[in-house]
Amino acid sequence: MSGRVVVIGSLNIDLVTQVERHPRPGETLTGTDLVRLAGGKGANQAVAAADAGASVTMVGHVGDDEGGRAYRQRLADLGIDVDLVALDPQRPTGTALIVVDEAGENSIVIAPGANASALWPRTLEAAVGSLTAHDVVLLQQEIPAEANTAAIRGAHAAGARVLINLAPFAELPQDVLDLVDAVIVNEHEARQLADAGLTPPSTVTTHGAAGAGWDDERREGLRVPADRVVDTTGAGDAFCGALCAALAAAGSGEIDKGAALDAGQQAGATAVQHA
Ligand code: RIB
């Protein structure tokens with residue numbers, strides 16, 4: 001029996017401009033007109049999992065404002081369960097300021113807003129209470145560390161499969177890390193994890209165009225010609241969402257790590273070819 005992908009994480013409104021090159025400190029550059037997009041690593045991953053055919057529940061917070069309500073509706077229109085995307089009257093919807101250069105590389109500043117909501121304990125209680133052993137819980141690090149810790153402990157106790165994308169990188173206590181089924185990291189985050197002396201039970205590592213691995217299982221990369229790379233923002237999120245959709249299809253049964261890596265890579269390669 002297949003399970004859900006339950007994404008617990010962030011929802012941001014992305015304000016994006018494109019520049020020839022990234023500015024140096026203190027420098028002002030002119031970019032293209034600002035574009036407003038739906039983002040946030042959590043919601044991006046939820047959309048990728050839904051695109052990959054999974055039944056998806058999003059758990060998080062937006063502000064009780066026009067942007068927040070519209071974002072919640074957008075996810076609902078994509079078939080994602082948003083009952084646990086709560087409106088926080090105390091904080092604005094999270095926002096990410098994103099600058100993309102000619103090579104498609106981005107730099108991002110996040111104003112967390114409702115992603116750092118005081119409502120997390122209540123929201124998590126409801127989310128954890130709904131989990132079964134068939135579900136895959138997918139986390140990232142754009143919500144408070146205490147919320148992630150509580151989510152990991154609760155999801156593990158419920159018997160769900162738990163994966164955390166350690167992005168942006170921040171250390172987790174080793175005893176909390178021990179409760180996840182796997183971490184998902186890029187090469188840079190993998191080095192940060194090793195430098196912190198942390199050892200997860202299992203590791204999925206993305207190597208960009210060079211492929212991806214899950215412990216000893218390796219997969220070649222899908223090469224996207226440089227002139228077709230438009231924007232790398234969210235490519236890692238697409239990978240995580242599609243990978244977890246493949247895992248959820250197995251429910252509590254045996255997983256096929258190679259097939260899950262292939263699904264993740266395919267989604268990542270597609271994501272870089274559009275804004
Ligand atoms: O991974 C890309 C995402 O990071 C963007 O959508 C932005 O909101 C930031 O959270």
Side-chain angles (χ1 to χ4, degrees), residues 5 7-19 22 31 34-52 56 58-63 65 67-68 70-72 74-75 78 80 85 88 91-101 103-117 138-145 147-148 163-170 183-190 192 204-208 212 229-244 264-265 267-275:
V5 176
V7 180
I8 302 176
S10 58
L11 304 96
N12 289 330
I13 291 173
D14 289 355
L15 301 179
V16 188
T17 185
Q18 292 193 303
V19 290
H22 289 284
L34 202 63
V35 175
R36 199 180 149 96
L37 298 170
K41 293 188 193 304
N44 290 346
Q45 295 181 11
V47 171
D51 274 353
V56 180
M58 178 75 210
V59 181
H61 304 88
V62 289
D65 47 41
Y71 200 154
R72 198 170 178 276
R74 173 183 178 270
L75 294 182
L78 292 171
I80 294 171
V85 176
D88 183 342
R91 310 281 301 249
T93 298
T95 304
L97 308 172
I98 304 182
V99 177
V100 183
D101 73 8
E105 293 293 338
N106 63 56
S107 60
I108 305 180
V109 175
I110 291 169
N115 295 309
S117 177
L138 175 58
L139 302 143
Q140 324 70 35
Q141 303 215 102
E142 288 185 336
I143 63 171
N148 265 344
L163 288 91
I164 182 165
N165 175 211
L166 295 178
F169 184 80
V183 299
I184 308 171
V185 287
N186 62 24
E187 290 168 308
H188 184 59
E189 291 149 2
Q192 290 175 296
V204 177
T205 311
T206 57
H207 301 273
V229 175
V230 175
D231 183 1
T232 58
T233 311
D237 299 333
F239 176 91
C240 294
L243 177 111
C244 286
Q265 291 211 99
T270 303
V272 299
Q273 296 182 56
H274 58 82

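In listed order, ligands and their atoms are each counted from 1. Bear in mind that the values here come from a model prediction, so they are computed numbers and not experimental data.
In this structure, the side chains of Leu166 and Gln192 stay at 4.5 Å or more apart for every pair of heavy atoms.
Shortest non-hydrogen contact noted between Val85 and Met58 is CG2-O, 3.5 Å. Scanning both residues, Asn165 and Ile184, for their nearest heavy atoms gives ND2-O, 3.0 Å. The shortest heavy-atom contact between Ser117 and Asp88 is OG-OD2, 2.7 Å.
Distance OG1/Thr93 to CD1/Ile13: 5.0 Å, rounded to 0.5 Å. Interatomic distance, Thr95 OG1 to Arg36 CZ, rounded to the nearest 0.5 Å: 7.5 Å.
Here the protein heavy atom with the shortest distance to atom 3 (C) of ligand 1 is Asn44 ND2, 3.7 Å. Shortest contact from atom 4 (O) of ligand 1 to any protein heavy atom: Lys41 NZ, 3.3 Å. Protein heavy atom nearest atom 2 (C) of ligand 1, with residue, atom name and distance: Asp237 OD2, 3.3 Å. Of all protein heavy atoms, the one closest to atom 5 (C) of ligand 1 is Asp14 OD2, 3.3 Å. For atom 9 (C) of ligand 1, the closest non-hydrogen atom of the protein is Glu142 OE2, 3.4 Å.
Here the options are Val229, Val100, Thr232, the test is side-chain contact (heavy atoms from CB on, under 4.5 Å), and the partner is Glu105; only Thr232 passes.
Remark: distances from the non-hydrogen atoms of Gly40 to ligand 1 include one below 4.0 Å. Under a 4.0 angstrom heavy-atom cut-off, Ser10 registers as lying outside contact with ligand 1.
Contact atoms of ligand 1 toward Ala96: 7 (C), 8 (O) (distance under 4.0 Å to a heavy atom of the residue). Residue contact check: Gly39 has heavy atoms under 4.0 Å from atoms 6 (O), 8 (O) of ligand 1.
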